Amino acid sequence: MTADTLPDWLRPLADLAETVTAADLSPHFTSVPADARPAAVLLLFADGPDGPELLLTERAATMRNHPGQIAFPGGKSDRGDADAVHTALREAQEEVGLDPSTVDVFATLPTLWLPPSNFAVTPVLGYWREPRVLGAVSDQEVVTVIHRPIRSLIDPDNRFSVTHPSGWRGPGFEIGTTMPLWGFTAGIIARLFAAVGWEQPWDDSVTRPLPELPR
């Protein structure tokens, strides 16, 4: 799919994907270790009932990696996956029942390192031609599927900084779940939306402590 066939609101993101760097999206971890495990996530955009939207999931509290967090559909690459696009679409189908034939993949972003799980994650950008309400295929992986309007994500009232007991601080988004959107996923969204010009001014001095992670 080319930028010319995307909806007008999504074309700037397709253009940005051609020049954005790993340092733009993950300034603290700009290189990927050789032993990192390949993985991919799907940033799935659609024209929803409340305007342009992005698909997110709430991970099960029992997951080994990043339990209970808000995330993009995706996961580690399997031996039979042809590439990152195949991984992202396969994982989305397995997690939330997404039909890969309804998705137009228009770009991939630079591979990023996710230190806590040592994944080398390639974000895949897709436009969902035939959106519908999805649900978790298995509650062992996903407990909630979230169709989040972009205007809600960029609303300054829903933006804040998350502080972690370790001293880590990063962007957070209020999306109506017990655990806010934070961490790797929030970082990609915040930096990507800022780079493409979608961000609205917000007060990053407003902080919230991270709720206790599920055990």
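Side-chain atoms are counted along with the backbone in the values below, which use heavy atoms only and exclude waters and symmetry mates. A quick note: this is a predicted structure, and the numbers were derived from the prediction, not measured.
We find the CG-CZ distance between L55 and F72 to be 10.0 Å, quoted to the nearest 0.5 Å.
A salt bridge links E174 with R208: at least one charged nitrogen is closer than 4.0 Å to a carboxylate oxygen. Using a 4.0 Å cut-off between charged side-chain N and carboxylate O, R129 and D104 make a salt bridge. Classification of E199 and R159 as a salt-bridged pair holds, one side-chain N sitting under 4.0 Å from a carboxylate O.
Side-chain polar atoms of T87 and D81 form a donor-acceptor pair below 3.5 angstrom. A donor-acceptor pair shorter than 3.5 Å cannot be found between the side chains of E130 and T102. Between the side chains of D155 and S152, no donor-acceptor pair is found at a separation under 3.5 Å.
T122 contributes no side-chain N or O that, together with a main-chain N or O of A40, makes up a donor-acceptor pair within less than 3.5 Å.
Here the side chains of W9 and F45 are in contact, with some heavy-atom distance below 4.5 Å. At a threshold of 4.5 Å between non-hydrogen side-chain atoms, the residues P123 and L112 count as touching. The shortest side-chain heavy-atom distance between L25 and P110 falls under the 4.5 Å cut-off. The shortest distance between side-chain heavy atoms of T163 and W168 does not fall below 4.5 Å. At least one side-chain heavy atom of L134 sits under 4.5 Å from a side-chain heavy atom of H147.
Across every non-hydrogen atom of G80 and H86, the tightest pair is O-CE1, 4.4 Å.
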